[in-house]
Amino acid sequence: MAIREIIILPDKQLRLVSKPIEKVTPQVRKLADDMLETMYDAPGIGLAAIQIAEPVRLITMDLSKKDDEQKQPRVFINPEILSVSEELSVYEEGCLSIPEYYEEVERPATVRIRYLDLDGKVHDEEATGLFATCIQHEIDHLNGVLFVDYLSKLKRDRVMKKFTKAAKQRAIG
Ligand code: GNR
Ligand code: NI
């Protein structure tokens, strides 16, 4: 396993549409392992492969509490949203690719999802609460969408500008 670098705004790779995984090969398992290790190290509750510059439809997640004895690592391959509830819910979201920026986002409160696990088995599930928010946030990443896209243009422009400026400062050194 290896901890990989997480790419941040304004990296254009975050806007790529990730490709479906055709077969669960040993390389896919290795990538999922690296993603889990990178996610726990960050730390974050979810990670999409594109956040470590791998444009494939693979997501890791662990929604267990920090002080839970057992970790609950989860892997979602080619996840799809089958349906969404009319009911909406608001969560304060953050993103490892937009460090230290948090804003409330409104999304469907419940979603039905379909995905493959690391054995290639199909799962149909209902996600609610933080699980619903997180899986929607991660599937958005697979489509090149970031949570700041749901904010006002004023807020989004402000964030984009801040991260563009910070990247330029780092380039100067
Ligand atoms: O660690 C994360 N926390 C989080 C909090 C609220 C809504 C979504 C998330 S996902 C985020 C990790 C991340 O950037 N995943 O793409
Ligand atoms: Ni994110």
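All ligand and atom numbering here is 1-based and tracks the order in the structure.
No salt bridge links Asp117 with Lys121; every basic N to acidic carboxylate O contact stays at or beyond 4.0 Å. Salt-bridge check for Glu103 with Lys155: passed, with a basic side-chain N closer than 4.0 Å to an acidic carboxylate O.
Without hydrogens or angle criteria, Asp140 side chain to Leu146 main chain gives no donor-acceptor distance under 3.5 Å. No side-chain donor-acceptor contact under 3.5 Å links Glu80 to the backbone of Ile113. Side chain of Asp62 to backbone of Gln72: a donor-acceptor contact under 3.5 angstrom is found.
In terms of protein heavy atoms, atom 14 (O) of ligand 1 is closest to Leu96 N, 2.8 Å. Among protein heavy atoms, atom 7 (C) of ligand 1 sits closest to Glu93 CG, 3.5 Å. Residue, atom and distance of the protein heavy atom nearest to atom 11 (C) of ligand 1 are Gly94 O, 3.6 Å. Scanning the protein for heavy atoms near atom 3 (N) of ligand 1, the closest one is Ile45 CG1, 3.4 Å. Closest to atom 8 (C) of ligand 1, if we only count protein heavy atoms, is His137 ND1, 3.6 Å. The protein heavy atom nearest to atom 12 (C) of ligand 1 is Gly46 O, 3.2 Å. Atom 15 (N) of ligand 1 has Glu138 OE2, 2.6 Å as its closest protein atom, hydrogens excluded (heavy atom only).
In this structure, a donor-acceptor pair under 3.5 Å is absent between the side chains of Arg15 and Asn143. With 3.5 Å as the limit, one finds a donor-acceptor pair spanning the side chains of Arg74 and Tyr115.
Residue contact check: Cys95 has heavy atoms under 4.0 Å from atoms 14 (O) of ligand 1. The distance from ligand 1 to the heavy atoms of Glu92 drops below 4.0 Å at these ligand atoms: 6 (C).
Not a single N or O atom of Leu130, backbone or side chain, sits closer than 3.5 Å to an N or O atom of ligand 1. When only interatomic distances are considered, the shortest N/O to N/O separation between His141 and ligand 1 falls below 3.5 Å. Not one N or O of Gly44 is nearer than 3.5 Å to an N or O of ligand 1, by distance alone. Between Thr133 and ligand 1, no pair of N/O atoms sits closer than 3.5 Å. At least one N or O atom of Gln51 sits closer than 3.5 Å to an N or O atom of ligand 1.
Taking 4.5 Å as the limit, every side-chain heavy atom of Leu88 sits out of range of all side-chain heavy atoms of Arg107.
A tilted orientation is assigned to the rings of Phe76 and Phe131, their planes being inclined by 30° to 60°.
Pro55 and Leu16 get closest at one heavy-atom pair: CB-CD1, 4.2 Å.
Vertex the Ni ion (ligand 2); arms to His141 NE2 and Cys95 SG; angle rounded to 10 degrees, 100°.
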